[in-house]
J.: 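One structure is given below, represented as structure tokens, and several questions about it will come after.
So you know, we letter chains A, B, ... as the sequences are listed, proteins then strands, and number each from 1.
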Amino acid sequence: MGIAIYMLTFLLLLIGVYALVAKKNLVRIIMGIAILEYAVNLLLVLVGYRRDGTPPILPRGQTAAELAARAVDPLPQALVLTSIVIGLSVTALAVALAVRLYDKYGTFDMNDIRNLRG
Amino acid sequence: MTIDLFILLLIGFMLAAGLIAVETSDLLSAVIAVGAAGFALSVIDLLLGAPDLAFPQVLVEIITLVLLIRMIMTRRDTSRQTPRDTLRTAVVLLGGGVFLVAAFLAVVGLGAGATVPAFGEPLLAGGHPGVSAAYLWQFDKDTGVANCVMGILLDYRAYDTLGEATVIFVAIMGGYVVLRKVGRKRQAQEPSP
């Protein structure tokens with residue numbers, strides 16, 4: 001079961017790579033980047049998961065040592081939180097560039113933009 | 001074991017949504033499919049014991065959806081239905097197959113053992129617990145917060161968070177510079193000699 005979960009996550013990553021490489025529409029390329037981010041974030045969180053683990057939040061009246069015996073790994077979560085927010089800014093900048101390209105060339109299609117250049 | 005099945009189903013849902021997003025002809029339905037994948041990811045985060053990730057994921061997803069829908073609503077999609085680029089698709093399929101085999105060997109373990117920890121048994125629970133265990137043992141004394149993730153993010157690795165804020169700032173500045181109207185309008189009104 002665990003292997004199936006990992007392999008499906010890798011497959012999701014491949015869908016993102018496919019959209020990035022094989023598609024010519026700028027909107028689809030941006031969506032490919034988004035899917036790629038989902039897959040990588042999901043993989044990192046999966047690696048830190050502990051079976052029947054609790055969130056790494058200290059309940060009242062419990063010591064950190066008791067929590068450390070049951071909690072899921074907090075370090076990948078902290079780093080993925082950074083990655084999620086940076087993913088948003090990457091998407092926003094890509095959307096801005098795509099909008100500017102549309103204003104100049106009137107299309108989202110990379111082939112047309114290449115042909116119109118010069 | 002039921003939680004494994006739930007996670008598997010949700011990842012399958014994300015896969016279906018991703019395929020629809022990449023292959024459907026209508027851009028609006030594609031964008032909505034990406035949104036569905038993101039919300040499924042936030043539910044998976046909740047199931048994996050990461051509520052600190054689920055809430056930002058929902059927030060980021062809503063903003064991404066608004067941005068993408070705003071981008072495509074007022075602009076006509078003129079991209080032609082070109083025949084499939086067989087060379088690029090073949091390259092992706094070939095490279096993807098090699099990648100999947102390598103990933104499978106890394107997960108299953110070959111010779112020297114698996115490099116990726118088995119699902120449900122992180123390095124934290126193994127013989128060499130590493131830095132996560134040190135954080136978990138000491139975070140309440142070191143930082144004084146109840147949430148370990150926030151303790152790591154804002155205290156142990158505060159410089160990372162500062163860098164994150166810098167990246168967001170640079171992205172906002174970049175978007176502003178790319179989309180600004182003032183310079184373009186002035187250029188149009190006063191043609192340079």
J.: Above 12 or not: heavy atoms from other molecules or residues under 6.0 Å from CZ of B:Phe39?
T.: yes
J.: Shorter than 4.5 Å, heavy atoms on both sides: which option in A:Val47, A:Ile3, A:Asn41, A:Leu75 has the most such pairs with chain B?
T.: A:Leu75
J.: Between A:Met7 and B:Leu100, is any pair of side-chain heavy atoms under 4.5 Å apart?
T.: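 A side-chain contact exists here, since the closest heavy-atom pair is under 4.5 Å.
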J.: Should B:Cys148 and A:Leu58 count as side-chain neighbours, where that means a heavy-atom distance under 4.5 Å?
T.: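 Not touching, per the 4.5 Å side-chain cut-off.
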J.: Name the option with the most non-hydrogen atom pairs under 4.5 Å to chain A; the candidates are B:Gly38, B:Gly151, B:Gly130, B:Gly174.
T.: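 Option with the top pair count is B:Gly38.
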J.: I'd like to know if B:Glu23 and A:Arg28 make a salt bridge, using a cut-off of under 4.0 Å between side-chain N and carboxylate O.
T.: no
J.: What residue, out of B:Val149, B:Leu153, B:Asp140, B:Leu15, has the most heavy-atom pairs lying under 4.5 Å from chain A?
T.: B:Leu15
J.: Examine whether an atom of A:Ile35 lies under 4.5 Å from a heavy atom of chain B, and if so say whether it belongs to the side chain, the backbone or both; otherwise answer neither.
T.: side chain
J.: Let me know if B:Tyr176 has heavy atoms under 4.5 Å from chain A in its side chain, its backbone, both or neither.
T.: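 Neither part, no heavy atoms under 4.5 Å.
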J.: Counting heavy-atom pairs closer than 4.5 Å to chain B, which one of A:Leu46, A:Leu97, A:Thr91 comes out on top?
T.: A:Leu46
J.: Look at B:Leu123, B:Val170, B:Ile152 and state which one has the largest set of heavy-atom pairs under 4.5 Å with chain A.
T.: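 Highest number of heavy-atom pairs under 4.5 Å: B:Ile152.
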J.: Identify every side-chain donor-acceptor pair in residues 26-34 of chain B under 3.5 Å, counting partners at least two apart or on other chains, and give the distances.
T.:
residue: B:Asp26; atom: OD2; partner: B:Ser29; partner atom: OG; Å: 3.0
residue: B:Ser29; atom: OG; partner: B:Asp26; partner atom: O; Å: 3.4

J.: Could you have a look at A:Val85, A:Asp52, A:Leu13 and say which one has the most heavy-atom pairs with chain B under 4.5 angstrom?
T.: A:Val85
J.: Is it the backbone or the side chain of B:Tyr135 that comes under 4.5 Å from a heavy atom of chain A, or both, or neither?
T.: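 For B:Tyr135, side-chain heavy atoms alone lie under 4.5 Å from chain A.
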J.: Determine, for B:Asp4 against A:Arg51, whether the closest basic-nitrogen to carboxylate-oxygen distance falls under 4.0 angstrom.
T.: yes
J.: What part of A:Tyr6 gets within 4.5 angstrom of chain B, counting heavy atoms only: side chain, backbone, both, or neither?
T.: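 The answer is the side chain of A:Tyr6.
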J.: Pick from B:Thr64, B:Val58, B:Ile63, B:Ile62: which one makes a side chain to side chain contact (heavy atoms under 4.5 Å, CB included) with B:Val60?
T.: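 For B:Val60, the side chain to side chain contact (heavy atoms under 4.5 Å, CB included) test succeeds with only one of B:Thr64, B:Val58, B:Ile63, B:Ile62, which is B:Thr64.
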J.: Membership question, hydrophobic clusters at under 4.5 Å side-chain separation (ILVMFWY): are B:Leu46 and A:Leu44 in the same one?
T.: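 In one cluster with A:Leu44: B:Leu46, no.
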J.: Let me know if A:Ser83 has heavy atoms under 4.5 Å from chain B in its side chain, its backbone, both or neither.
T.: neither
J.: Which one, A:Arg60, A:Gln77, A:Met110, leads in non-hydrogen pairs under 4.5 Å with chain B?
T.: A:Gln77
J.: Is a side-chain donor or acceptor of A:Arg50 paired with a backbone partner of A:Ala69 at a separation under 3.5 angstrom?
T.: yes
J.: If you define the side chain from C-beta out and look only at heavy atoms, does anything of B:Asp45 sit under 4.5 Å from B:Phe55?
T.: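 Contact flag for B:Asp45/B:Phe55 side chains = no.
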J.: Taking A:Leu11, A:Leu67, A:Val17 one by one, which has the highest count of heavy-atom pairs under 4.5 Å against chain B?
T.: A:Leu11
J.: So what's closer than 4.5 Å to chain B heavy atoms on A:Leu79: side chain, backbone, both or neither?
T.: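 Only the side chain of A:Leu79 comes within 4.5 Å of chain B.
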J.: Between B:Gly95, B:Pro122, B:Ala133, who has the most heavy-atom pairs with chain A when the cutoff is under 4.5 Å?
T.: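 Among B:Gly95, B:Pro122, B:Ala133, the one with the most close pairs to chain A is B:Pro122.
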J.: Would a distance-only check, ignoring hydrogens and angles, find a side-chain to backbone donor-acceptor pair under 3.5 Å from B:Arg180 to B:Val177?
T.: yes
J.: Among B:Ile172, B:Ile11, B:Leu68, which residue forms the greatest number of heavy-atom pairs with chain A at distances under 4.5 Å?
T.: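 Ranked by heavy-atom pairs under 4.5 Å with chain A, first place is B:Ile11.
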J.: So which of B:Ala17, B:Ser132, B:Ala171 has the largest heavy-atom pair count under 4.5 angstrom toward chain A?
T.: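 Of the candidates given, the most pairs with chain A belong to B:Ser132.
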J.: Could you tell me whether the side chain of B:Pro56 reaches within less than 4.5 Å of the side chain of A:Leu81, counting heavy atoms only?
T.: yes
J.: With only heavy atoms counted, which part of B:Leu47 is less than 4.5 Å from chain A, the side chain, the backbone, both or neither?
T.: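 Answer is backbone: N, CA, C or O of B:Leu47 sit under 4.5 Å from chain A.
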J.: Between A:Gly2, A:Pro55, A:Ala22, which shows the greatest number of heavy-atom pairs under 4.5 Å with chain B?
T.: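 The option with the most such pairs is A:Pro55.
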J.: Tell me, for A:Leu93 versus chain B, whether the close heavy atoms (under 4.5 Å) come from the side chain, the backbone, both or neither.
T.: side chain
J.: Go through the structure and list residues passing side chain to side chain donor-acceptor pair (under 3.5 Å) with B:Asp142, not counting sequence neighbours.
T.: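 B:Asp142 satisfies side chain to side chain donor-acceptor pair (under 3.5 Å) with B:Tyr156 once adjacent residues are dropped.
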J.: Could you look at B:Ile44 and say if it's the side chain, the backbone, both or neither that has a heavy atom under 4.5 Å from chain A?
T.: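 The answer is the side chain of B:Ile44.
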J.: Under a 4.5 Å heavy-atom cut-off, does chain A meet the side chain of B:Ile3, its backbone, both or neither?
T.: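 B:Ile3 touches chain A through side-chain heavy atoms alone.
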J.: Please flag which part of B:Arg70 lies under 4.5 Å from any non-hydrogen atom of chain A: side chain, backbone, both or neither.
T.: neither
J.: Relative to chain B, which segment of A:Leu20 carries a heavy atom at a distance below 4.5 Å: side chain, backbone, both, or neither?
T.: neither
J.: Has the side chain of A:Arg70 got a donor or acceptor atom that lies under 3.5 Å from a matching backbone atom of A:Thr54?
T.: no
